[in-house]
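The structure under discussion appears below in the form of structure tokens.
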Amino acid sequence: QVQLVESGGGLVQPGGSLRLSCAASGFTMNSGTVGWFRQAPGKEREAISCISGIGVTYYTDSVKGRFTISRDNAENAVYLQMKSLKPEDTAVYYCAADDSWTYTSSRCRQKSAYRFWGQGTQVTVSS
């Protein structure tokens, strides 16, 4: 049984930083693609970053230069380092994973491509 568990969310002031973690059990993180998505109130869930099994990464334009996705194979976890946070980054952040398809930057952005999802962690950016 695959389980993804996000952690690291919280309340942070604008300009601050947070690091989100996505820990997996029953799934080897470097065997497929892992994506970070977020969903703000009243909005669609959107892809913000992905990492392929070989380490190819994708970032949506709104987070480029501020967010960094990484993976620790020994810990079997994927991280999202977030810097220069803005109020518009406020959302529930989800990690998702799948190893049944070959990574492309377009596919990794599709919610429907992922079989496995975490429960989400709230990030609130506010003064």
Side-chain angles (χ1 to χ4, degrees):
Q1 183 179 354
V2 175
Q3 190 172 20
L4 303 177
V5 179
E6 302 97 335
S7 61
L11 173 64
V12 64
Q13 292 188 341
S17 299
L18 282 175
R19 189 178 83 149
L20 305 184
S21 301
C22 176
S25 58
F27 183 89
T28 303
M29 289 296 223
N30 65 358
S31 69
T33 299
V34 177
W36 281 100
F37 291 74
R38 66 185 179 189
Q39 187 166 19
K43 293 190 176 181
E44 294 265 332
R45 191 173 298 189
E46 63 169 342
I48 53 174
S49 184
C50 320
I51 185 166
S52 76
I54 60 170
V56 177
T57 59
Y58 159 83
Y59 299 94
T60 194
D61 285 347
S62 63
V63 308
K64 278 180 184 175
R66 300 190 299 123
F67 291 11
T68 303
I69 192 170
S70 63
R71 184 178 61 227
D72 185 327
N73 294 335
E75 295 292 325
N76 202 32
V78 169
Y79 306 98
L80 188 68
Q81 178 68 52
M82 305 186 295
K83 299 180 179 180
S84 302
L85 283 161
K86 305 174 182 180
E88 52 263 43
D89 294 317
T90 295
V92 179
Y93 284 69
Y94 299 89
C95 68
D98 203 289
D99 60 358
S100 65
W101 42 271
T102 301
Y103 172 91
T104 64
S105 61
S106 59
R107 189 154 191 185
C108 89
R109 291 175 275 171
Q110 297 172 8
K111 297 185 293 291
S112 60
Y114 296 90
R115 290 177 293 161
F116 310 119
W117 288 84
Q119 81 290 348
T121 186
Q122 176 70 47
V123 171
T124 302
V125 184
S126 175
S127 55

For Glu88, the salt bridge (Lys or Arg N to Asp or Glu O under 4.0 Å) test, sequence neighbours excluded, returns none

With a 4.5 Å heavy-atom cut-off, do [X] and [Y] have their side chains touching?
X     : Y     : answer
Arg38 : Asp89 : yes
Leu80 : Val78 : no
Leu4  : Met29 : yes

Criterion side-chain contact (heavy atoms from CB on, under 4.5 Å) against Val123, the qualifying member of Leu20, Val92, Leu11: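 Only one option passes, and that is Leu20.
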
Separation between [atom1] of [X] and [atom2] of [Y], rounded to the nearest 0.5 Å:
X     : Y      : atom1 : atom2 : value
Glu46 : Tyr94  : CD    : OH    : 12.5 Å
Leu85 : Arg66  : CG    : CZ    : 6.5 Å
Thr90 : Gln122 : OG1   : CD    : 7.0 Å
Thr33 : Asp99  : OG1   : CG    : 9.0 Å
Leu18 : Lys83  : CG    : NZ    : 12.5 Å
Thr57 : Arg71  : OG1   : CZ    : 10.5 Å

Transitively linked via ILVMFWY side-chain contacts under 4.5 Å: [X] with [Y]?
X      : Y     : value
Met82  : Val12 : yes
Phe27  : Trp36 : yes
Tyr79  : Tyr58 : no
Tyr114 : Ile69 : no
Tyr103 : Val34 : no

Closest non-hydrogen contact found for Pro14 with Ser126 is CD-C, 3.6 Å

Shortest non-hydrogen pair, Ser84 vs Ser17, comes out as N-OG, 4.4 Å

Counting N and O atoms only, with roles assigned by atom type, does the side chain of [X] sit under 3.5 Å from a partner on the main chain of [Y], one being a donor and the other an acceptor?
X      : Y      : result
Gln39  : Ala91  : no
Gln119 : Val5   : no
Asp98  : Arg115 : yes

Q | disulfide (SG to SG under 2.5 Å) contacts touching residues 76-127 (sequence neighbours left out) | A |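 Listed once each, the pairs are Cys22-Cys95, Cys50-Cys108.
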
For Lys64, all residues meeting side chain to side chain contact (heavy atoms under 4.5 Å, CB included), sequence neighbours excluded:
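Partners of Lys64 by the side chain to side chain contact (heavy atoms under 4.5 Å, CB included) criterion, ordered by chain and then number, come out as Tyr59, Asp61.
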
| query | Hey, would you say the Phe37 and Trp117 ring centroids sit under 6.0 Å apart? | reply |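 Ring centres of Trp117 and Phe37 closer than 6.0 Å.
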
Practice item. Evaluate side-chain contact (heavy atoms from CB on, under 4.5 Å) for Ser7 paired with Thr121, printing each intermediate quantity in order. Key: CA-CA 6 Å; Ser7 61; Thr121 186; 5.7 Å; no

- Steps toward side-chain contact (heavy atoms from CB on, under 4.5 Å) verdict (Ile48, Tyr93): CA-CA 9 Å; Ile48 53 174; Tyr93 284 69; 3.4 Å; yes

